[in-house]
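The next block holds one structure in the form of structure tokens; read it before the comments.
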Amino acid sequence: MMRRTLVTLATTTVALAAVTIPATAATTPTAPTTAAGQKHKQGPYTITIDGANAFPESVATDNAYTYTGSIDDGTVYRGRLGAKTLEPFLPAGTDGRTQVTGIKVAGDRLLVAGAFTGRFFIYTKTGKLVASYTVPDTGEKTLVNDEAVTPDGDVYITDSFRAVVYRIPAAEVHAPATGRHRTLQVAYHLPDYVAGTSNGNGIVATPDGRSLIIGYWSTGALYRLTLATGAVRKIDAPPLTSDDGIALRGDTLYIARSVNNEIATVRLSHHDTRAAIVSERTYPGADTTTGVAVSGDRLLVTNSQMDTYLYGAPLTSPIFTVENLPLE
């Protein structure tokens with residue numbers, strides 16, 4: 001039933017959203033050293049996911065692990081930084097978690113978006129459920145897509161089918177792991193939503209904690225939301241359609257363009273009013289690049305096969321993967 005629902009929705013959106021944020025103090029595998037003591041930059045390599053239905057929509061890292069999740073059954077996978085395989089961590093279906101899109105790390109918490117189910121989950125890093133959330137019952141379609149964490153610990157969440165941003169305060173994020181159930185609270189409203197398609201998608205918080213940057217999948221536009229006032233302004237930038245997961249380091253955005261199978265590097269101006277494309281890159285084996293994260297001097301990119309999943313066609317590959325690339 002869920003597969004049939006997704007196939008129907010695929011007529012209006014070819015790929016789902018996800019977004020991760022850059023990990024703090026993340027490490028990467030040690031590069032080989034020459035006899036002269038100089039280190040060579042490690043080239044791209046592939047991380048496999050130990051799951052037959054992984055369809056990894058998003059990816060996140062911290063200083064110990066890499067995480068991804070399955071849009072097909074809700075399994076959360078993880079592996080040590082530098083490992084070549086991600087193993088099941090949170091089993092499919094537990095806590096009502098049957099789909100995973102955006103995944104993020106916030107201190108000692110793991111944040112998991114529940115896609116079309118309208119759910120959102122907070123876990124400890126040992127796998128205990130802190131709390132689960134459901135979108136308000138308005139009768140509208142929902143796609144709880146991606147999340148961002150501000151420096152003060154608040155979490156903001158996009159809904160690609162509803163023109164809103166939800167907020168979970170830091171106190172709830174870091175509350176004891178009681179498994180309490182709550183309703184997501186709308187914090188802001190977004191402009192330029194088009195019914196029946198994927199709109200607000202990837203989301204990141206600026207380093208100063210004053211703003212959010214949100215990408216729209218259908219139009220490729222970028223918007224800046226000022227948290228103090230709720231004002232939303234379109235950033236002066238070339239459109240990057242199929243704008244999916246976003247990562248931010250300093251004044252540089254790394255944008256996963258799912259349908260285009262590429263990562264766009266975008267430089268923000270002072271005050272985030274303008275943005276310029278620095279480069280656009282792909283790699284062998286890119287397969288619907290829906291998620292991106294920064295880990296040290298590396299990029300992690302999901303090969304989600306999301307287009308294959310949505311249309312129910314034969315898999316491009318029976319092995320699901322995340323690509324590990326040099327940052328530049």
Side-chain angles (χ1 to χ4, degrees), residues 17-26 58 60-63 67 69 100-115 118-125 128-136 142-160 162-191 200-215 222-233 235 245-250 253 268 271-272 293-294:
V19 178
T20 52
I21 61 172
T24 57
S58 181
T61 66
D62 57 15
N63 60 357
Y67 298 88
V100 173
T101 44
I103 195 164
K104 205 80 68 191
V105 176
D108 62 353
R109 297 294 190 255
L110 182 66
L111 313 175
V112 180
R119 303 290 300 277
F120 193 86
F121 305 87
I122 302 174
Y123 291 93
T124 69
K125 287 190 179 178
K128 294 181 179 180
L129 181 66
V130 176
S132 64
Y133 294 78
T134 304
V135 297
T142 181
L143 173 48
V144 178
N145 212 321
D146 204 1
E147 63 268 58
V149 185
T150 59
D152 63 6
D154 290 345
V155 173
Y156 293 90
I157 304 161
T158 56
D159 190 325
S160 296
R162 301 185 184 187
V164 300
V165 173
Y166 307 111
R167 172 181 174 266
I168 302 176
E172 290 183 18
V173 175
H174 296 283
T178 62
R180 180 174 178 175
H181 184 74
R182 303 173 186 263
T183 300
L184 284 172
Q185 299 299 312
V186 173
Y188 301 102
H189 291 81
L190 296 175
N201 195 322
I203 181 172
V204 291
T206 56
D208 61 12
R210 295 179 179 177
S211 303
L212 304 172
I213 296 174
I214 301 169
L222 293 172
Y223 292 82
R224 184 190 64 184
L225 190 161
T226 301
L227 293 173
T229 63
V232 181
R233 175 173 178 174
I235 296 172
I246 306 176
L248 175 65
R249 170 168 286 183
L253 292 169
L268 293 166
H271 298 309
D272 307 324
V294 179

Q: Go through the steps to decide whether I214 and V165 satisfy the test side chain to side chain contact (heavy atoms under 4.5 Å, CB included), and finish with yes or no.
A: CA-CA 10 Å; I214 301 169; V165 173; 3.9 Å; yes

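- One distance of note links CG of N145 with CG of D159; it measures 8.0 Å at 0.5 Å rounding.
- Distance check, rounded to the nearest 0.5 Å: CG of L110 to CG of L129 gives 11.0 Å.
- Listed for the T206 side chain is no donor-acceptor partner under 3.5 Å among the backbone atoms of L212.
- The side-chain heavy atoms of F120 and V155, taken from C-beta on, include a pair separated by under 4.5 Å.
- Counting only distance, with no hydrogens or angles, the side chain of D154 and the backbone of A170 share a donor-acceptor pair below 3.5 Å.
- Counting all heavy atoms, side chain and backbone alike, G200 lies closest to S160 at O-OG, 2.7 Å.
- More than 12 heavy atoms of other residues, nucleotides or ligands shown are found within 6.0 angstrom of CZ on R167.
- Residues T61 and V105 form no side-chain contact, since every pair of their non-hydrogen atoms from C-beta on lies 4.5 Å or further apart.
- With hydrogens and angles disregarded, no donor-acceptor distance shorter than 3.5 Å links the side chain of R233 to the backbone of T226.
- Residues D62 and K125 are in side-chain contact: their nearest non-hydrogen atoms beyond the backbone lie under 4.5 Å apart.
- Nearest heavy-atom pair, E147 versus I203, reported as atom, atom and distance to 0.1 Å: C-CG2, 3.6 Å.
- Atom CD1 of I213 and atom CG of D272 lie 4.5 Å apart (nearest 0.5 Å).
- Contact record, R109 with A175: NH2-O, 2.8 Å, taken as the closest heavy-atom pair.
- In terms of heavy-atom proximity, A205 sits nearest to A148 at N-CB, 3.8 Å.
- Annotation: side chain of L111 is not in contact with side chain of I157 (no heavy-atom distance under 4.5 Å).
- Remark: the backbone N or O of R224 is not paired with any side-chain donor or acceptor of S211 at under 3.5 angstrom.
- L268 is listed as a side-chain neighbour of L248, based on a closest heavy-atom distance under 4.5 Å.
- Between A247 and A293, the closest heavy-atom pair is CB-CA, 4.2 Å.
- Residues I103 and A60 share a closest heavy-atom pair of O-CB, 3.4 Å.
- Under the side chain to side chain contact (heavy atoms under 4.5 Å, CB included) test applied with L184, the options I168, T134, T142 reduce to a single match, I168.
- Proximity of L190 to L225: side-chain heavy atoms (C-beta onward) are separated by under 4.5 Å at one or more points.
- Between Y156 and Y188, some side-chain heavy-atom pair lies under the 4.5 Å cut-off.
- A distance-only check finds no donor-acceptor pair linking the side chain of S58 to the backbone of G102 [under 3.5 Å].
- Here CZ of R210 is found 11.0 Å from CG of L227. Values are rounded to the nearest 0.5 Å.
- When the shell of 6.0 Å around CZ of R180 is examined, it contains 12 or fewer heavy atoms from other residues, nucleotides or ligands.
- Note that NZ of K128 is 14.0 Å distant from OH of Y123, once rounded to the nearest 0.5 Å.
- Within the 4.5 Å cutoff, the side chain of D108 has heavy atoms near those of the H174 side chain.
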